[in-house]
Amino acid sequence: MNIDRVLGLGGIILGVIPFAGLWIRLLTTRRPARRFLGLDKDRPVEVIVSTSATRQAADGEAKSHTTAVGELRAVAVGARTVLPLYRHKKMSVFMSAEYPGRLQADVLLLGGPLRNRYSETFLDFVNRKYPSAQLTLDARACLIGLGGRQIVFDQRSRKGVPREDLALLVLASDAWSTEAHQRVVLCAGLSTYGTEGAARFLF
C-alpha cells in the first residue's frame, strides 16, 4: 500500500470531520430557532419602529422622523440574528409614522402603543383573538399586564434613564394578512430600554 496515499486519505478525513461537525451544529441550531420565530423563509420582514418625534419640513427640506436609542439597538440585534437564519430574506425598516401600511410581510414591531400605533393595533388583535391574554402596556402610567394581572412598575429612573424595566414579548400569526401565513413579533418595553431588552432576550 502506498504510504503517501494513506497519509493523503487520512488528511482528507481529518479535514472533513471538523467541517461536518460544524455543518451539523449549524443545522441543529438553525432549525429550533427558525421553528420558534416562525418566519416565512421567502417573505420579507418589515420592521416598524416607534416614532419618537416628527420635525416638519422647512423650505428645501424633507419631513424627518426620529426614534429612540433602544429601538435602534433592537433593529441591529434583530438583523444580526434573522439574516443569518434566513439568508434570502429581505428586511426593510420603517418609522411607524411613515409606514405605508401594506402589512402583507412578516412584521417585527419595536416599541409599545404609546409611540407605535401598529403595536397598539396588534395588541388589540391579540386581546380580541385570545381574551385570556389581557395584554396591557401603558408607558405613561408605568403599567404592564398579562393574563389579568397588572403591575404598576417603579423603574427607579435617574436623570430620565430607568434602572429597571419590564417588557412584553409577543409572537402571533395572521394578525393582518389573510392571504398567507404571516408572523408578527412584538418587542415593547415600558421604556425604550425595555424594548431593547426584549429584543436581546428574543434574538
Side-chain angles (χ1 to χ4, degrees), residues 16 18-52 62 65-113 115-130 133 135 137 146 167-189 192 194-203:
V16 166
F19 177 78
L22 288 171
W23 185 72
I24 291 168
R25 183 180 176 191
L26 181 64
L27 286 179
T28 55
T29 54
R30 269 189 180 182
R31 284 178 182 168
R34 283 182 171 180
R35 194 178 308 119
F36 180 75
L37 285 174
L39 302 175
D40 184 90
K41 64 175 184 162
D42 297 316
R43 186 185 294 117
V45 175
E46 293 182 341
V47 183
I48 308 175
V49 302
S50 297
T51 304
S52 298
H65 306 286
T66 57
T67 191
V69 65
E71 275 79 349
L72 187 61
R73 290 173 180 163
V75 170
V77 171
R80 193 169 61 213
T81 299
V82 170
L83 293 178
L85 287 174
Y86 303 88
R87 294 196 178 276
H88 302 293
K89 244 184 185 325
K90 294 179 180 177
M91 290 187 76
S92 302
V93 181
F94 299 93
M95 307 293 293
S96 58
E98 66 162 0
Y99 180 68
R102 292 189 297 270
L103 293 169
Q104 297 299 309
D106 288 333
V107 179
L108 171 58
L109 296 168
L110 298 175
R115 307 278 184 200
N116 191 332
R117 61 191 174 96
Y118 293 96
S119 296
E120 181 179 17
T121 304
F122 176 64
L123 288 176
D124 288 343
F125 162 81
V126 174
N127 285 330
R128 284 197 314 272
K129 189 170 183 179
Y130 307 101
L135 301 176
L137 187 64
L146 172 67
L168 286 179
L169 177 56
V170 184
L171 292 84
S173 297
D174 304 323
W176 287 295
S177 177
T178 56
E179 296 178 4
H181 173 81
Q182 178 196 46
R183 192 65 156 172
V184 182
V185 180
L186 169 71
C187 298
T192 185
T195 296
E196 177 191 354
R200 289 190 182 279
F201 181 81
L202 172 63
F203 293 117

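Predicted model only: the values in this text are computed from it and were never measured. All residue numbers refer to positions in the sequence shown, counting from 1.
Between V107 and A105 the shortest heavy-atom distance is CG2-O, 3.4 Å. Considering every non-hydrogen atom in both G194 and A167, the closest pair reads O-CB, 3.5 Å. Closest approach of S52 to A68, counting heavy atoms only: OG-N, 3.3 Å. When all heavy atoms are compared, the tightest approach of P113 to S119 is N-CB, 4.0 Å. Listed here is the closest heavy atom pair of G112 and L137: CA-CD2, 3.9 Å. Listed here is the closest heavy atom pair of D40 and Y86: O-CD2, 4.2 Å.
Between R80 and F203, every side-chain heavy-atom pair lies at or beyond the 4.5 Å cut-off. Residues E46 and Y118 fail the side-chain proximity criterion, which asks for heavy atoms closer than 4.5 Å. Between C187 and F201, every side-chain heavy-atom pair lies at or beyond the 4.5 Å cut-off.
Atom OG1 of T195 and atom CZ of R115 lie 12.0 Å apart (nearest 0.5 Å). Here CG of L202 is found 5.0 Å from CG of L169. Values are rounded to the nearest 0.5 Å. In this structure, OH in Y99 is found 11.0 Å from CG in N116, a value given to the nearest 0.5 Å. For the atom pair T66 OG1 and E71 CD, the distance stands at 10.5 Å (nearest 0.5 Å). Taken to the nearest 0.5 Å, the CG atom of L186 stands 13.0 Å off from the CZ atom of F125. The structure places CG of L135 at 11.5 Å from OH of Y130, a figure rounded to the nearest 0.5 Å.
Side chain of T51 to main chain of M95: no donor-acceptor pair is present (N/O by atom type, distance under 3.5 Å, no hydrogens or angles). For the pair S96 (side chain) and I48 (backbone), a donor-acceptor distance under 3.5 Å is absent. Checked by atom type and distance alone, the side chain of T67 never pairs as donor or acceptor with a backbone atom of V49 at under 3.5 Å.
Counting non-hydrogen atoms of neighbouring residues, nucleotides and ligands closer than 6.0 angstrom, the NZ atom of K90 reaches no more than 12 such neighbours.
Remark: of the listed residues Q182, K89, R183, K89 is the sole one forming a side chain to side chain donor-acceptor pair (under 3.5 Å) with D106. Of the residues listed (L37, V93, V47), the one engaging L108 in a side-chain contact (heavy atoms from CB on, under 4.5 Å) is V47, and it is the only one.
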Subject >> Worked verdict on T121 versus W176 for side chain to side chain contact (heavy atoms under 4.5 Å, CB included) >> reply: CA-CA 10 Å; T121 304; W176 287 295; 3.6 Å; yes
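Residue pairs that meet the salt bridge (charged side-chain N to carboxylate O under 4.0 Å, His left out) test with at least one member in residues 194-203, sequence neighbours left out, are R73-E196, E196-R200.
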